[in-house]
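Note sheet for the following structure.
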There are 2 protein chains.
Amino acid sequence: MSLIPLRPDAEPERRDAARNRELLLRAARELIEECGADGLTMGTLAQRAGVGKGTVFRRFGSRAGLMMALLSDAEARFQGRFMFGPPPLGPGAPPLERLIAFGEERIAWVMEFGELARAADVSAYNRFDVPAAVLWHRHLEMLLREAGVTADPWLMATSLSAVLEPERILHAVRVHQISPDRLAASWRELVSRVVRGA
Amino acid sequence: MSLIPLRPDAEPERRDAARNRELLLRAARELIEECGADGLTMGTLAQRAGVGKGTVFRRFGSRAGLMMALLSDAEARFQGRFMFGPPPLGPGAPPLERLIAFGEERIAWVMEFGELARAADVSAYNRFDVPAAVLWHRHLEMLLREAGVTADPWLMATSLSAVLEPERILHAVRVHQISPDRLAASWRELVSRVVRGA
DNA sequence: AATAGAAACGGACCGCAGTCCGTTTTGATC
DNA sequence: GATCAAAACGGACTGCGGTCCGTTTCTATT
C-alpha cells in the first residue's frame with residue numbers, strides 16, 4: 001500500500017524475490033477463486049506457485065500477512081478516499097456526516113472484501129495494531145474531536161472500531177440475514193447519538 | 001420387555017466418563033496455573049490427566065470447548081447476578097443504571113477471567129452464537145428497550161456487545177495501559193448517549 | 001570474467017489441534 | 001455371575017502453520 005507502506009524502508013527487492021512475490025500473489029488469487037480464502041493453505045500455495053514453502057513465509061511472514069498483502073490495494077484505495085477523496089467521506093463535510101459516511105463505506109467494503117479481511121484478522125492479539133487499523137482508529141478519533149466529543153475520544157474511537165469489525169459484520173449478514181442497509185442505519189443512529197450527546 | 005432404553009432424565013454420563021472429566025478439569029487448572037491459558041496444549045493436558053488425547057476431545061469437543069467448561073462456573077455466577085441479583089446490576093434499578101452496571105461488571109469480569117475468555121473465543125465464526133453470548137445480547141437488548149431505545153435495539157445490542165469483547169478490552173489494558181476505570185467511564189459515556197438520544 | 005558475501009531458496013522438520021478406529025470398560029438385563 | 005451392545009477409551013495418524021539450515025542465486029565490485 002502506498003499511503004501506509006508495508007515496507008517503509010524502501011530497499012529494492014532482488015529480482016528473484018520480486019518474481020516470486022508476483023508468482024505467489026497470482027497463485028493465491030487463483031486458489032482463493034477456486035477454494036475460498038479459508039481453503040487456501042500455505043503448502044498448496046507454494047506448490048501452485050512452484051516455489052518452496054519457506055519462500056512463502058519469507059515473503060509474507062504468515063498466512064495473515066499474505067492476506068493483508070492481497071488486501072493492500074483495496075485498503076489503499078479506501079484510505080485514499082476517506083483521507084483525500086470527495087465529501088462526505090473525504091474532507092469538506094461536517095464531521096458527523098463524515099463519520100456516517102465512513103461507517104457506510106466500511107460496511108460496503110466488508111461486503112466486498114470481508115472474507116479476505118477475516119482471514120487477515122486471525123492473528124490473535126495485536127491485530128488492532130496493524131497499520132491500517134491504527135489509521136482507521138486515528139481517523140475516527142479525529143472526526144470525534146472535530147464533532148466536539150471531548151470525553152475520551154480515543155476510547156470512543158476504539159468502541160466505534162469494534163462495531164465495524166469485519167467478523168461481526170459478516171456474522172450479522174451471513175448468519176442473521178441482516179441487510180447492509182440495516183447495518184448502515186444502525187451505525188448512523190449510533191454515531192449520531194454519540195456525537196449529539198457531546 | 002423394553003429393547004429401547006429411554007432415558008428421559010438427563011443423566012447421560014457413565015462413571016468413567018465423569019471421573020475423567022474431573023481429572024481433566026483439575027489437570028487443566030493446574031497447567032493454566034503453571035503455563036497460562038495460551039501455554040496449555042491438548043496433548044500435555046491428556047498426559048497430565050493420565051488419559052488419551054481422544055478422551056480430551058470426546059469430553060470437550062475442542063480447545064475452545066474446554067476453556068468454556070473451565071469458565072462455566074464464573075459465567076453462571078455472573079449471569080445469576082445480572083438476572084436475579086441486587087440492583088443496580090440486577091432487576092430493580094432504572095435501565096440506564098443497569099446498562100452502566102452491566103458494562104462495569106463485565107469489564108471487571110474480563111480483568112479476572114479474560115485470558116480464559118480469550119482462549120475460549122478462538123473458534124472463528126460462530127462464537128457470537130454461544131449460549132452465554134446470546135444471553136448477554138438478549139439482556140442488553142431488553143435493557144435498551146426498557147430505556148426507550150426504539151431504533152433497532154437488536155443491532156444496538158450487537159454494537160454494545162462488540163465494545164465489551166474480551167479481546168479488545170484486554171488489548172486496551174495490556175498493550176495501551178488503559179485502566180479499567182477509564183474503560184468503565186467510557187462505557188458509561190457511550191451508553192448514556194445511546195440511551196439519552198432515544 | 002571472476003569473486004565474494006549477502007540475500008533468497010526449498011523442503012525436511014516441528015508442535016499443535018483435531019480425527020479415526022480397533023480395543024476396553026460399563027452397566028442394564030437375564 | 002454371565003452376557004452383550006453401547007459407550008468410552010487411547011494413541012497412531014492427518015493436515016496445518018510455521019521454523020531451520022544447508023544450498024543456490026543474485027549483484028556489487030574489481
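No more than 12 heavy-atom neighbours from other residues, nucleotides or ligands sit within 6.0 angstrom of CD on A:Glu33. Other residues, nucleotides and ligands place no more than 12 heavy atoms under 6.0 Å from the CZ atom of A:Arg15.
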Where do N or O atoms of nucleotides 5-11 of chain C meet protein N or O atoms at under 3.5 Å, pair by pair?
from	atom 1	to	atom 2	distance (Å)
C:dA7	N3	A:Arg14	NH1	2.9
C:dA8	OP2	A:Arg58	NH1	3.4
C:dA8	O4'	A:Arg14	NH2	3.3
C:dC9	OP1	A:Asp16	O	3.3
C:dC9	OP1	A:Asn20	ND2	2.2
C:dC9	OP2	A:Arg59	NH1	2.9
C:dG10	OP2	A:Gly52	N	3.0
C:dG10	OP2	A:Thr55	OG1	3.1
C:dG11	N7	A:Gly54	N	3.4
C:dG11	O6	A:Gly54	N	3.3

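As rounded to whole Å, 13 Å separates atom P of D:dC16 from atom CE of A:Met67. Rounded to an integer number of Å, the gap from B:Phe60 CZ to D:dA8 P is 13 Å. Following rounding to the nearest Å, B:Leu45 (CG) and C:dG18 (P) show an atom-to-atom distance of 13 Å. For B:Phe57 and D:dA8, the CZ to C1' distance is 16 Å, given to the nearest whole Å.
Not one N or O on the side chain of B:Ser186 forms a donor-acceptor pair closer than 3.5 Å with the backbone of B:Arg182. Between the side chain of B:Glu115 and the main chain of B:Ala37, a donor-acceptor pair closer than 3.5 Å is present. Using modelled atom types, one side-chain atom of B:Arg98 and one backbone atom of B:Gly90 make a donor-acceptor pair closer than 3.5 Å.
Using a 4.0 Å cut-off on heavy atoms, none of the residues of residues 29-42 of chain A approach DNA chain C.
Of the listed residues (A:Arg118, A:Arg127, A:Arg106), just one forms a salt bridge (charged side-chain N to carboxylate O under 4.0 Å, His left out) with A:Glu165, and that residue is A:Arg127. When the options A:Trp154, A:Phe128, A:Phe102 are evaluated for a ring-ring contact (aromatic ring centres under 6.0 Å, His included) with A:His137, the one that passes is A:Trp154.
Using a 4.0 Å cut-off between charged nitrogen and carboxylate oxygen, A:Arg26 and A:Glu30 do not count as a salt-bridge pair.
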